[in-house]
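Below, chain A is the first sequence line, B the second, and so on; all start at residue 1.
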Number of protein chains: 2
Amino acid sequence: MVTIYDIAKACGCSSATVSKALNNYPDVNIKTKEKIKKKAKELGFVPNLQARALSTKRTWNIGVLFEDKSNSGLTHYYFSQVLQAVKEQAEEKGYDITFISKNLGGVDMSYLEHCNRRNIDGVVIACIDFKDNQVQELMASKIPVVVIDYDSEFVSAIMSDNVRGLYELTSYLIALGHRDIVYAYGHEVYVTEERIRGFKKALDEAGIPFTEDMLVKSRYSEKQANIDAVEEILKREKLPTAVLFPDDYAAIWGINAFRNHGVKIPEDISVAGFDGVEIGEMIFPRLTTIKQNTVRLGKEASLKCIQLLESKSKDNTKITVGIELIPGGTAMPPKTQM
Amino acid sequence: MVTIYDIAKACGCSSATVSKALNNYPDVNIKTKEKIKKKAKELGFVPNLQARALSTKRTWNIGVLFEDKSNSGLTHYYFSQVLQAVKEQAEEKGYDITFISKNLGGVDMSYLEHCNRRNIDGVVIACIDFKDNQVQELMASKIPVVVIDYDSEFVSAIMSDNVRGLYELTSYLIALGHRDIVYAYGHEVYVTEERIRGFKKALDEAGIPFTEDMLVKSRYSEKQANIDAVEEILKREKLPTAVLFPDDYAAIWGINAFRNHGVKIPEDISVAGFDGVEIGEMIFPRLTTIKQNTVRLGKEASLKCIQLLESKSKDNTKITVGIELIPGGTAMPPKTQM
DNA sequence: CTGAAAGCGCTAACAG
DNA sequence: CTGTTAGCGCTTTCAG
């Protein structure tokens with residue numbers, strides 16, 4: 001391993017000058033600077049980030065906290081896209097990503113402790129359960145934090161326009177002629193509340209009275225929970241003409257469950273998802289859904305996090321990212337059975 | 001931030017003793033050890049890994065190099081599963097993951113340089129293009145390296161039994177009665193060569209003469225390339241009765257392409273994929289495929305990497321992980337048209 | 001413009 | 001069993 005001392009020796013100057021030259025400080029003779037840089041390249045010098053971090057208190061590392069209840073981790077159809085965007089944007093700015101987890105190495109350790117051990121410069125949080133004590137602890141810490149799809153007084157947040165998402169989707173179905181719509185909603189978290197709000201708003205505007213049976217409890221990203229939801233719905237005397245699922249993944253299994261019971265989609269029941277991930281395009285007919293802008297969500301989160309950590313501050317800026325309705329073949333006008 | 005000096009002061013001992021106590025060295029009085037540990041917890045001490053790394057030359061960080069030609073990154077249906085397993089296993093052993101990339105922060109930087117900057121302890125490589133100079137450079141470096149699905153004299157490798165995968169899949173189709181089988185193969189890399197070998201072996205054993213038109217060039221994980229492959233096949237005078245695609249993702253778009261041309265799957269043509277990821281279950285009928293054991297691949301890679309880095313060595317152990325045939329509704333006996 | 005020196009937080013001989 | 005000391009590699013005053 002070649003250090004700045006090796007370069008200093010080779011150039012006949014001090015390590016301080018080498019450091020300054022390599023970091024492009026202005027107060028170093030242009031000639032010596034060039035000489036040092038040349039020599040550094042020649043010797044194959046690679047700066048040691050640990051050493052640098054020790055003296056600068058900057059690791060150029062951004063923590064990413066992502067845990068979902070279904071435990072899909074990196075394989076999550078929706079979040080993997082967001083994470084990819086977070087990562088790409090961070091890398092573009094020179095930061096590496098470190099996943100924050102509990103129980104590292106069998107020792108259990110809080111998220112905050114993990115962050116502090118690694119001295120990450122900031123954290124992006126995208127998880128389902130923001131009520132988790134450890135997540136709260138992290139948000140309340142001195143570390144710059146950006147959350148995705150959560151609303152808090154204390155941290156910066158990037159969010160999808162969830163209210164509008166469900167509002168547009170529901171309005172679209174209503175426009176198709178549906179009135180008996182069921183929303184199989186996901187885990188009871190902030191995002192879900194927002195979506196339910198959008199759902200009700202659309203009904204309200206269309207003059208359709210909201211009744212409790214329009215809401216069925218389900219779960220995000222969980223196959224069985226959605227199959228169960230379908231079975232519950234099928235027990236009803238009067239079936240709805242449209243069912244909205246928590247996400248695209250859920251919708252696909254929901255559709256399959258309906259079909260296994262002989263219910264035709266979209267002929268008998270219209271179905272829609274949420275997220276707009278590629279699996280919605282793989283099935284036939286294409287899934288009607290709301291596309292979330294995962295790339296923007298991720299990039300904005302990274303950028304905001306970097307902005308915060310570079311100014312060593314925290315704030316509670318909110319950035320809302322738009323959504324887009326994607327009509328597909330799974331939602332059609334209801335059969336006129338009158 | 002509380003340091004070992006703070007603890008030392010509070011306990012009336014030296015920092016050296018604190019360090020030893022906290023690291024469970026045997027040569028420290030059990031009483032003082034307990035006192036120190038208690039005090040450390042009390043003060044909320046969190047060790048600084050950068051500082052430790054600087055003196056121990058161990059960062060407890062494993063690099064993960066993953067680049068595929070389709071640039072899907074973390075959103076790759078197959079690799080995200082492998083990565084998740086690598087990550088989980090690494091974390092269980094106390095290691096964090098760092099993604100290795102080129103062009104960090106706009107500056108272009110080789111994979112090796114990225115590794116050296118971060119002083120990662122070892123690397124797991126799972127990429128398509130092992131011929132890449134930078135990948136080769138990394139494999140040839142002093143850093144312990146484990147590759148997934150590649151064969152090299154110089155590094156340890158974990159691989160799926162690709163030969164057997166295509167052998168079993170092809171044999172299965174032959175057993176169903178197919179003789180006119182086309183393999184739309186992916187990028188021309190090691191894994192592909194292996195699979196083609198398995199394909200030919202199966203034909204050979206069944207006494208079916210191999211002809212060049214049984215092979216069609218396609219690409220892994222790329223929608224358009226596989227649609228193109230389908231279109232090329234459809235131009236033929238005599239259609240095959242079965243088509244094998246590079247992976248499940250490819251197979252799904254292949255099936256859709258066939259259907260868009262009025263070709264019924266599996267009635268007119270049988271189709272199979274490779275990988276065994278969940279999307280194969282989402283479509284109807286379920287995709288016939290070969291399931292790769294992504295969890296084992298990932299875990300073994302992590303474990304091997306850790307074993308190497310802990311012994312500060314490199315070797316060229318090969319571990320082969322089995323595959324499993326998953327019959328699905330996309331492959332049926334061919335229509336008897338005689 | 002250059003360099004000496006101290007320090008970031010921790011570990012690792014080596015004495016005692 | 002405990003403490004002194006010298007680094008690990010880099011940055012950062014502060015003199016010169």
Side-chain angles (χ1 to χ4, degrees), chain A residues 1-37 39-40 43-61 94 113-121 310 312, chain B residues 1-37 39-40 43-61 94 113-121 310 312:
Chain A
M1 162 174 274
V2 19
T3 73
I4 54 171
Y5 288 96
D6 299 321
I7 301 173
K9 202 178 295 171
C11 291
C13 65
S14 78
S15 64
T17 308
V18 174
S19 174
K20 287 178 195 161
L22 260 22
N23 289 301
N24 267 321
Y25 277 49
D27 64 336
V28 46
N29 186 297
I30 183 82
K31 281 277 174 201
T32 37
K33 188 182 281 188
E34 272 166 11
K35 184 166 136 205
I36 289 172
K37 286 192 171 177
K39 207 71 190 175
L43 298 176
F45 171 75
V46 174
N48 179 325
L49 294 197
Q50 270 76 38
R52 179 180 290 171
L54 200 54
S55 64
T56 59
K57 266 94 178 60
R58 288 263 265 117
T59 55
W60 290 87
N61 234 301
E113 187 179 339
H114 192 172
C115 290
N116 284 148
R117 282 179 171 243
R118 289 280 177 202
N119 292 295
I120 53 150
D121 298 330
E310 288 187 343
K312 287 171 170 297
Chain B
M1 160 173 272
V2 19
T3 73
I4 54 171
Y5 288 95
D6 299 321
I7 301 173
K9 202 178 295 170
C11 291
C13 65
S14 78
S15 65
T17 308
V18 175
S19 174
K20 285 179 196 159
L22 262 21
N23 289 301
N24 267 322
Y25 277 49
D27 64 339
V28 46
N29 185 298
I30 183 81
K31 281 277 174 200
T32 36
K33 187 181 282 189
E34 271 166 14
K35 183 166 136 203
I36 289 172
K37 285 191 172 177
K39 206 73 190 173
L43 298 176
F45 170 75
V46 174
N48 180 324
L49 294 197
Q50 271 76 37
R52 179 179 292 171
L54 201 53
S55 66
T56 59
K57 267 93 178 61
R58 288 263 263 118
T59 55
W60 290 86
N61 234 302
E113 187 179 339
H114 192 171
C115 291
N116 284 148
R117 282 181 169 242
R118 289 279 176 203
N119 291 296
I120 53 151
D121 298 329
E310 289 187 342
K312 286 170 171 299

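The backbone N or O of B/Arg58 sits nowhere less than 3.5 Å from a side-chain atom of B/Asp121 that would complete a donor-acceptor pair. Using a distance-only test at 3.5 Å, with no hydrogens or angles considered, a donor-acceptor pair links the side chain of B/Asn48 to the main chain of B/Ala51. A/Asp6 places a side-chain N or O within donor-acceptor distance of the main-chain N or O of A/Thr3, the cut-off being under 3.5 Å.
Shown here are the salt bridge (Lys or Arg N to Asp or Glu O under 4.0 Å) partners of A/Lys33, two or more places apart in sequence or in another chain: there are none.
Looking at heavy-atom distances under 4.0 Å, A/Asp27 makes contact with a base.
For A/Ile7 and D/dC10, the CD1 to C1' distance is 11 Å, given to the nearest whole Å. Counting to the nearest Å, the C1' atom of C/dT2 and the CD1 atom of A/Ile30 are 16 Å from each other. One atom, CZ of B/Arg117, and another, C1' of D/dC10, lie 13 Å apart when rounded to the nearest Å. Rounded to a whole Å, the CD1 atom of A/Ile36 is 8 Å from the P atom of C/dT2. In this structure, B/Glu34 atom CD and D/dC1 atom C1' are separated by 15 Å, rounded to whole Å.
For the atom pair A/Lys35 NZ and A/Asn29 CG, the distance stands at 10.0 Å (nearest 0.5 Å). One distance of note links CG of B/Asp27 with NZ of B/Lys20; it measures 5.0 Å at 0.5 Å rounding.
Rotation axes derived from the C1' atoms of the five outermost pairs at either end of the helix from C/dC1-D/dG16 to C/dG16-D/dC1 lie 40° apart, to the nearest 10°.
For the OP1/OP2 pair of D/dC1 and a distance below 4.0 Å, the side-chain nitrogens and oxygens of B/Thr32 include no atom meeting the criterion.
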Are there any protein N/O atoms within less than 3.5 Å of an N/O atom in nucleotides 8-11 of chain C, and if so, which ones and at what distance?
{"residue": "C/dC8", "atom": "O3'", "partner": "A/Lys57", "partner atom": "NZ", "Å": "3.2"}
{"residue": "C/dC8", "atom": "O2", "partner": "A/Ser55", "partner atom": "N", "Å": "3.4"}
{"residue": "C/dG9", "atom": "OP1", "partner": "A/Lys57", "partner atom": "NZ", "Å": "3.4"}
{"residue": "C/dG9", "atom": "N2", "partner": "B/Ala51", "partner atom": "O", "Å": "3.1"}
{"residue": "C/dC10", "atom": "OP1", "partner": "B/Asn48", "partner atom": "N", "Å": "3.4"}
{"residue": "C/dC10", "atom": "OP2", "partner": "B/Ile4", "partner atom": "N", "Å": "2.7"}
{"residue": "C/dC10", "atom": "N4", "partner": "B/Tyr5", "partner atom": "OH", "Å": "3.0"}
{"residue": "C/dT11", "atom": "OP1", "partner": "B/Asn23", "partner atom": "ND2", "Å": "3.2"}
{"residue": "C/dT11", "atom": "OP1", "partner": "B/Arg52", "partner atom": "NE", "Å": "2.8"}
{"residue": "C/dT11", "atom": "OP1", "partner": "B/Arg52", "partner atom": "NH2", "Å": "3.4"}
{"residue": "C/dT11", "atom": "OP2", "partner": "B/Ser19", "partner atom": "OG", "Å": "2.6"}
{"residue": "C/dT11", "atom": "OP2", "partner": "B/Asn23", "partner atom": "ND2", "Å": "3.4"}
{"residue": "C/dT11", "atom": "O4'", "partner": "B/Ser55", "partner atom": "OG", "Å": "2.7"}

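Taking the side chain as every heavy atom from C-beta outward, A/Asn23 and A/Arg52 approach each other to under 4.5 Å. Inter-residue side-chain proximity for A/Ile36 and A/Cys13 is flagged as met; some heavy-atom pair is nearer than 4.5 Å.
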